[in-house]
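Only heavy atoms go into these numbers, but all of them, side chains included; no hydrogens, no water, no symmetry mates. Lettering of chains follows the sequences in order, A, B, ..., and the numbering in each one begins at 1. This structure is a prediction, so every number in the text was calculated from the model and none was measured.
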Amino acid sequence: NAGVTQTPKFQVLKTGQSMTLQCAQDMNHEYMSWYRQDPGMGLRLIHYSVGAGITDQGEVPNGYNVSRSTTEDFPLRLLSAAPSQTSVYFCASRLSGSLATSYEQYFGPGTRLTVT
Amino acid sequence: AQSVAQPEDQVNVAEGNPLTVKCTYSVSGNPYLFWYVQYPNRGLQFLLKYITGDNLVKGSYGFEAEFNKSQTSFHLKKPSALVSDSALYFCAVRDISGGYQKVTFGTGTKLQVIP
C-alpha cells in the first residue's frame, strides 16, 4: 500500500512552459485535492475532486487545470507557468462523506516547483 | 467562512519540558478540528481530531489537544518534548462554506525542541 504518491519531486520551469504534476493513491479514496504551500501562508486549496469525473475549484485555482478520469489519479496541469507559481505542491486524498473520520487526509510527499 | 489562527510562528522548548502549540478557531456550528504535523521535506501527517465529546483528545506520538469552547481554542500539548518532535505543526478546521467541503489550514507553527 503506497498511499499517496507524487511525481516529480523537483521541477524547474521557465516562464510560459507547461507541465503536469502527477498524483496517485491506492486507498480507493473518493476525495482528492491539490494544495500549494507557501511560507507564512499555510496550505491553500487549488482544486479538488469528490470522485471520478467530478472536479471543482478551491481558493486559488487560476493558472491550474485538473481532471479526474479514474479514482486513483488526479493530475494537476500548469498551463503557462509564472514565477508566482513557485511553491511546494501537495496532493491529498481522503474518504468522502460527512463523517468526521472522512476529513482525515493523507498527503503525498510533495513536488517542489521553481519557475524562473 | 471557517478559519483557524496559529498566533505563534515558532515555539522553542527544552527537551523534557511540556510543550504547547496554540490554535484558535472561528466556525459556525459544531467544529471539526484537526492537528497535522509536517517533518522536513515530507507531506503532512494526521495527528488527532476533535469531533465531539471529551474535551481532551489523544493522538499519535504522545500528543494531545484540549478543546475549549468558551475560548474557541484547540491547543496542542505534550507532557515531555522530544528532539524528534521538532517539526511544523498545522491546525485545521472543517469548512463547509462556499458550497464545498474542505479543510482549512492555519499558517503553521514551527516547533523547535532544544536538546
Between the CZ atom in A:F90 and the CD atom in B:Q38, the distance rounded to the nearest 0.5 Å is 4.5 Å

If one checks every heavy atom of A:R44 against chain B at 4.5 Å, the contacting part turns out to be neither

So, the part of B:D9 with a heavy atom under 4.5 Å from chain A: the answer is neither

**Connected via hydrophobic side-chain network under 4.5 Å: A:V60 and A:Y35** = no

| query | Mind checking whether B:T104 and A:E59 have side chains closer than 4.5 Å, heavy atoms only? | reply | no

Within residues 36-43 of chain A, contacts to chain B at heavy-atom distances under 4.5 Å involve A:Q37, A:G40, A:M41, A:G42, A:L43

Separation between CD (A:Q105) and CZ (B:F105), nearest 0.5 Å, reads 5.0 Å

d(B:F46 CZ, A:Y106 OH) to nearest 0.5 Å is 8.5 Å

message = Do B:Y61 and B:L111 sit in one hydrophobic cluster, given that two such residues count as connected whenever their side-chain heavy atoms are within less than 4.5 Å of each other, even indirectly?
response = yes

Count I, L, V, M, F, W, Y as connected when their side-chain heavy atoms are under 4.5 Å apart, and connections chain through other members. Are A:L45 and A:V50 then in the same cluster? yes

Check your understanding: Are B:F74 and B:V21 linked, directly or through other ILVMFWY residues, by side chains that come within less than 4.5 angstrom of each other?
Key -> yes

message = Is it the case that atom CZ in B:R42 sees more than 12 heavy atoms from other parts of the structure closer than 6.0 Å?
response = no

Taken to the nearest 0.5 Å, the spacing of A:E104 CD from B:L48 CG works out to 10.0 Å

Linking I/L/V/M/F/W/Y whenever any side-chain heavy atoms sit under 4.5 Å apart, do A:L13 and A:I46 land together? yes

